[in-house]
Amino acid sequence: MSSNNTFQIAVLPGDGIGHEVMAPCLEILEEAARRVGGLSFRFKSHQAGAINYRDHGVALPKSALDCARKADAILLGAMGWPAIRYPDGTEIAPQLDLRFEFGLFAGVRPVRTLPSMPAILADKRAAHLDFIVIRESTEGLFASRGKGVVTDNREARDTMVITRDVCEPLFDFAFRLARQRKARGGKGIVACVDKANVFASFAFFRKVFDERAKAFPDIRADHAYVDATALDMVRRPWALDVLVTENMFGDILSDLGAGLMGGMGFAPSADIGAEHAVFQPCHGTAPDIAGHGKANPTAMILSGAMMLDWLGEKHGLPEALRAADLVRAAVDHAFEGGLKPFEIGGSDGTAEITRHILAAMDRKALEVA
Ligand code: ATP
């Protein structure tokens, strides 16, 4: 951050709808900063992803990686394309490389329902969900990415890795987040989601969780098996607060969370490490709708709000926290007004949704100022 509170932001729109949702996000972030005052951005955009790999032979150019390393934060759209693969047949996914490169161990996936959305679950309490899945993002089963072994066309093995070095900061992050939420009326519960009854790796995961829990006596430390958690996310999701889990389990549960919000286009995320952080929607490049103006930019915009929160906390800058609140308030207000993206059977496309959120800022700017 420069002395006049200007943040350098590395922007990686990626492929497919990544570009379509990034432009509205940048526009809304700039507008929020302008209205709150006292902060600004310098966005530096870089090509990276599957199309870049096809055209230039590299998915994440060194210049993009260097820019990301030097930036105050990284915004990422979505990367990958079905027909473009590495020679071994695996997906082009530099977003995963960034998590490993920068040690972004905490994948924060909020499940917060927006107003006036069609009911996903019959119970009225499901209309107001507010819980968080924290997906460990640098090891677990994904540690085997690129290292799996197939023997004699008869047997395949991938190995899961759980380490104390990653688990300790991960659990501390989860407990601190629950504490922050409790200060604002949250439940003050962290549940360790695992399969400790079957696997040594998960028994160790839980053991480290219990050790770290002792440092946070004000927060309730619960245990839950992943299968029971999937059931609870549908049966009584309003009772959940902070869930912390392994990489693969978190990948699956966070998509279930996106389903509870209305779809992938509503689900923001942040991948946070000790120094760096990447903010991107949970969704992929959506080749089925790319180029049609139908992408819902809400997840990307809310990921931008998470970036403002992180920058505000890290640099002790209340203006950034206020700008985050303004973005969320404007999104809520726009949906209260009856926005209905294509994704949920409506006819509001990317441009329409963006226009409504920008208009809602007029109203909400006064309230959060
Ligand atoms: P990845 O493996 O890269 O995460 P994916 O194959 O799981 O991607 P997505 O690209 O996330 O899939 O798309 C899943 C479904 O959700 C598709 O039908 C897609 O059109 C829809 N979808 C994803 N993002 C959005 C969005 N922002 N707006 C509207 N629909 C979306």
Legend entry - Salt bridge K62-D66, side-chain N to carboxylate O under 4.0 Å: yes
Inset, instruction - Output, in order, the C-alpha distance, side-chain angles, deciding distance and verdict of side-chain hydrogen bond (donor to acceptor under 3.5 Å, both in side chains) for T6 and Q8. - result: CA-CA 7 Å; T6 298; Q8 308 283 338; over 6 Å; no
Inset, instruction - Inspect the contact between R69 and E101 and indicate whether a charged nitrogen and a carboxylate oxygen are less than 4.0 angstrom apart. - result: yes
Legend entry - Sidechain-backbone polar pair: S269 side chain, Q280 backbone, donor-acceptor under 3.5 Å: yes
Inset, instruction - Any chance you could measure T151, atom OG1, to R157, atom CZ, to the nearest 0.5 Å? - result: 7.0 Å
Inset, instruction - Evaluate the ring planes of F173 and F105, with Trp represented by its six-membered ring, and classify them as parallel (under 30°), tilted (30 to 60°) or perpendicular (over 60°). - result: perpendicular
Legend entry - Validation row, ring centre H315 to ring centre F7 under 6.0 Å: yes
Inset, instruction - Please name the pair of heavy atoms, one in S137 and one in N247, separated by the smallest distance, quoted to 0.1 Å. - result: C-ND2, 3.4 Å
Inset, instruction - Give, for atom CH2 of W238 and atom NE2 of H128, the distance between the pair rounded to the nearest 0.5 Å. - result: 12.0 Å
Legend entry - Atom pair OG1/CG of T229 and L253 - distance to nearest 0.5 Å: 6.5 Å
Inset, instruction - Decide yes or no on side-chain contact (heavy atoms from CB on, under 4.5 Å) for H46 and S63, but give the supporting numbers first. - result: CA-CA 8 Å; H46 288 266; S63 54; 4.2 Å; yes
Inset, instruction - Work out which heavy atom in M233 is nearest to a heavy atom in G257; give both atom names and the distance. - result: CE-N, 3.6 Å
Inset, instruction - Please assess Y86 against Y53 for the test side-chain contact (heavy atoms from CB on, under 4.5 Å), listing each intermediate value before the final yes or no. - result: CA-CA 9 Å; Y86 290 118; Y53 174 76; 3.7 Å; yes
Inset, instruction - May I have the step-by-step check of side-chain contact (heavy atoms from CB on, under 4.5 Å) for L358 and E31, ending in yes or no? - result: CA-CA 8 Å; L358 281 168; E31 185 60 14; 3.8 Å; yes
Legend entry - Salt-bridge criterion met for E211 and R164 (N-O under 4.0 Å): yes
Inset, instruction - Provide the closest heavy-atom pair for C167 versus E139 in the form atom of the first, atom of the second, distance. - result: SG-OE2, 4.5 Å
Inset, instruction - Starting from the C-alpha separation in whole Å, work towards a yes-or-no answer on side-chain contact (heavy atoms from CB on, under 4.5 Å) for R181 and D241. - result: CA-CA 9 Å; R181 287 165 58 83; D241 189 10; 2.9 Å; yes
Legend entry - Closest non-hydrogen atom pair between N296 and V21, with its separation: O-CG1, 3.8 Å
Inset, instruction - List the atom of G250, the atom of S254, and the distance in Å for their closest heavy-atom pair. - result: O-OG, 2.7 Å
Inset, instruction - May I ask you to establish whether K195 and F202 are in a cation-pi arrangement, using a distance under 6.0 Å from NZ or CZ to the six-membered ring centre and at most 45° from the ring axis? - result: no
Inset, instruction - Quick one: do D88 and T90 satisfy side-chain hydrogen bond (donor to acceptor under 3.5 Å, both in side chains)? Show the steps, please. - result: CA-CA 6 Å; D88 68 356; T90 58; 2.7 Å; yes
Inset, instruction - Might you point out which heavy atoms bring I17 and A286 nearest each other, and give the distance in Å? - result: CD1-CB, 3.7 Å
Inset, instruction - Kindly compute the distance separating CZ (R85) from CD (E91), expressed to the nearest 0.5 Å. - result: 5.0 Å
Legend entry - Face-on cation placement of R176 at F171 ring, 6.0 Å and 45° thresholds: no
Legend entry - Carboxylate-amine/guanidinium contact R145 D97, below 4.0 Å: yes
Legend entry - Between F249 and F205, ring centroids under 6.0 Å: no
Legend entry - Pairwise distance NZ(K214) to CZ(F175) - rounded to 0.5 angstrom: 10.5 Å
Legend entry - SB check R328 D325 (cutoff 4.0 Å): yes
Legend entry - Electrostatic pair D271-R135, nearest N-O below 4.0 angstrom: no
